Amino acid sequence: MTELEVRDAGNGAREGFLTVRRSRLGKVLRASIFGILGLGVTFAVGFGLFADYISRLTTPPNPPAADAIIVLTGGQARIDAAVHLLKSGKGKRLLISGVNPVASRKSLQRATGGDNALFSCCVDIDRAALDTIGNAEESAKWVRTHDYSSVILVTNNYHMPRSLLEMSRLIDEVEVQPYPVVNSRIDGGTLMTNKAALRVMLTEYTKYLGALARAVVPLRSTPDGTIMVDATTTATTR
């Protein structure tokens with residue numbers, strides 16, 4: 001074989017290699033694009049179902065009584081609704097979970113119009129919880145301490161699915177009755193025209209997906225409060 005033939009053979013091999021490489025890169029790129037589009041469509045469809053579910057939640061006019069009431073702070077009118085349920089005899093005791101450490105019992109009482117006797121005898125305040133996971137953890141401790149078998153859970157409608165999910169991990173043996181507080185209606189197609197409501201719903205939906213993911217990869221708390229993946233649990237369930 002002449003030097004020219006060797007050079008031509010080498011060039012052909014390189015061109016063949018580059019062609020195969022470009023083909024593989026093209027396939028990877030197409031697969032990545034379709035994957036991203038698929039995730040986007042799945043996210044959008046899931047959000048639509050989530051928003052539709054939230055829009056159908058209504059505040060029950062006369063819920064059945066339970067052993068106790070739990071209200072998660074962070075939304076408008078939640079505590080007022082919970083105190084009203086307590087006054088109405090829908091529960092023997094009320095836990096207000098996630099209260100700002102600087103908020104006093106007196107300030108909460110004044111803000112809700114609750115009488116001193118009611119707050120003194122039947123209202124407990126949790127200041128340790130910083131988020132919904134913390135709400136569930138502190139609520140579970142409170143429920144077990146009082147040996148309750150049923151509770152009414154008060155929070156905003158958009159926050160209810162994630163709250164129930166987190167509660168179910170820790171007090172699945174307890175009957176939890178949802179009492180969604182609805183501040184503004186988002187049905188009838190009004191969600192897409194209300195930017196503030198849409199932003200809240202998208203944020204809450206994303207957090208809800210995170211809560212679902214934790215069901216697949218369980219987490220555990222260390223003594224210092226650090227959240228870690230429970231490798232033992234995941235290994236046994238794999």
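Being a predicted model, the structure only gives us computed values, none of them experimental. These numbers come from the heavy atoms of this one structure, side chains and all, not from hydrogens, waters or symmetry mates.
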Nearest 0.5 angstrom please: [X] [atom1] to [Y] [atom2], how far?
X    : Y    : atom1 : atom2 : value
L108 : I79  : CG    : CD1   : 5.5 Å
F119 : L86  : CZ    : CG    : 8.5 Å
C122 : L95  : SG    : CG    : 13.0 Å
I96  : N135 : CD1   : CG    : 12.0 Å

For [X] and [Y], work out which heavy atoms get closest and say how close.
X    : Y    : result
T58  : P180 : O-CG, 3.3 Å
V181 : A81  : CG2-CB, 3.9 Å
Q177 : P64  : OE1-O, 3.1 Å
L72  : S163 : CD1-OG, 3.5 Å

Any residue meeting side-chain contact (heavy atoms from CB on, under 4.5 Å) with [X], in chain and number order, not counting sequence neighbours:
X    : value
L130 : none
S168 : L165
D52  : S55, R56

Mind running side chain to side chain contact (heavy atoms under 4.5 Å, CB included) on L164 and L153 for me, showing each step along the way? CA-CA 8 Å; L164 289 173; L153 178 63; 3.8 Å; yes
Listed partners of H146 passing ring-ring contact (aromatic ring centres under 6.0 Å, His included), at least two apart: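 Here the qualifying residues are W142, Y148.
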Quick one: list whatever passes salt bridge (charged side-chain N to carboxylate O under 4.0 Å, His left out) with D80, sequence neighbours left out.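 In terms of salt bridge (charged side-chain N to carboxylate O under 4.0 Å, His left out), with neighbours along the sequence ignored, D80 is linked to no residue.
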Any residue meeting salt bridge (charged side-chain N to carboxylate O under 4.0 Å, His left out) with D126, in chain and number order, not counting sequence neighbours: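 Counting only residues at least two positions away or on another chain, D126 forms no salt bridge (charged side-chain N to carboxylate O under 4.0 Å, His left out).
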Can you name the side chain to side chain donor-acceptor pair (under 3.5 Å) partners of [X], sequence neighbours left out?
X    : answer
S107 : S104
N100 : none
N62  : K90

Stepwise side chain to side chain contact (heavy atoms under 4.5 Å, CB included) test for R93 and V123: CA-CA 6 Å; R93 198 166 190 86; V123 177; over 6 Å; no
Working note: L94 + V71, criterion side chain to side chain contact (heavy atoms under 4.5 Å, CB included); need CA distance, chi angles, decisive distance, verdict. CA-CA 8 Å; L94 168 65; V71 58; 3.9 Å; yes
Running the 4.5 Å side-chain criterion over Ile, Leu, Val, Met, Phe, Trp and Tyr, what cluster does I36 land in, apart from itself?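 So far as hydrophobic clustering goes, I36 is joined with none.
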List, by chain and then residue number, the residues other than V41 in its hydrophobic cluster (Ile/Leu/Val/Met/Phe/Trp/Tyr, side-chain heavy atoms under 4.5 Å); write none if there are no others.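 V45, L49, listed by chain and number.
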Listing request: all side-chain hydrogen bond (donor to acceptor under 3.5 Å, both in side chains) pairs with a residue in residues 196-209, at least two apart in sequence or in separate chains.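 Those involving residues 196-209 are R162-E204.
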Please say yes or no: joined through hydrophobic side-chain contacts below 4.5 Å, possibly via intermediate residues, are L170 and V151 part of one cluster?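 No: no chain of side-chain contacts under 4.5 Å links L170 to V151.
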Can you list the steps and then say if S139 with M167 is a side chain to side chain contact (heavy atoms under 4.5 Å, CB included)? CA-CA 8 Å; S139 296; M167 289 285 182; 3.4 Å; yes
So, do F43 and L209 sit near enough that their side-chain heavy atoms are less than 4.5 Å apart?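 Yes, close enough: below the 4.5 Å cut-off.
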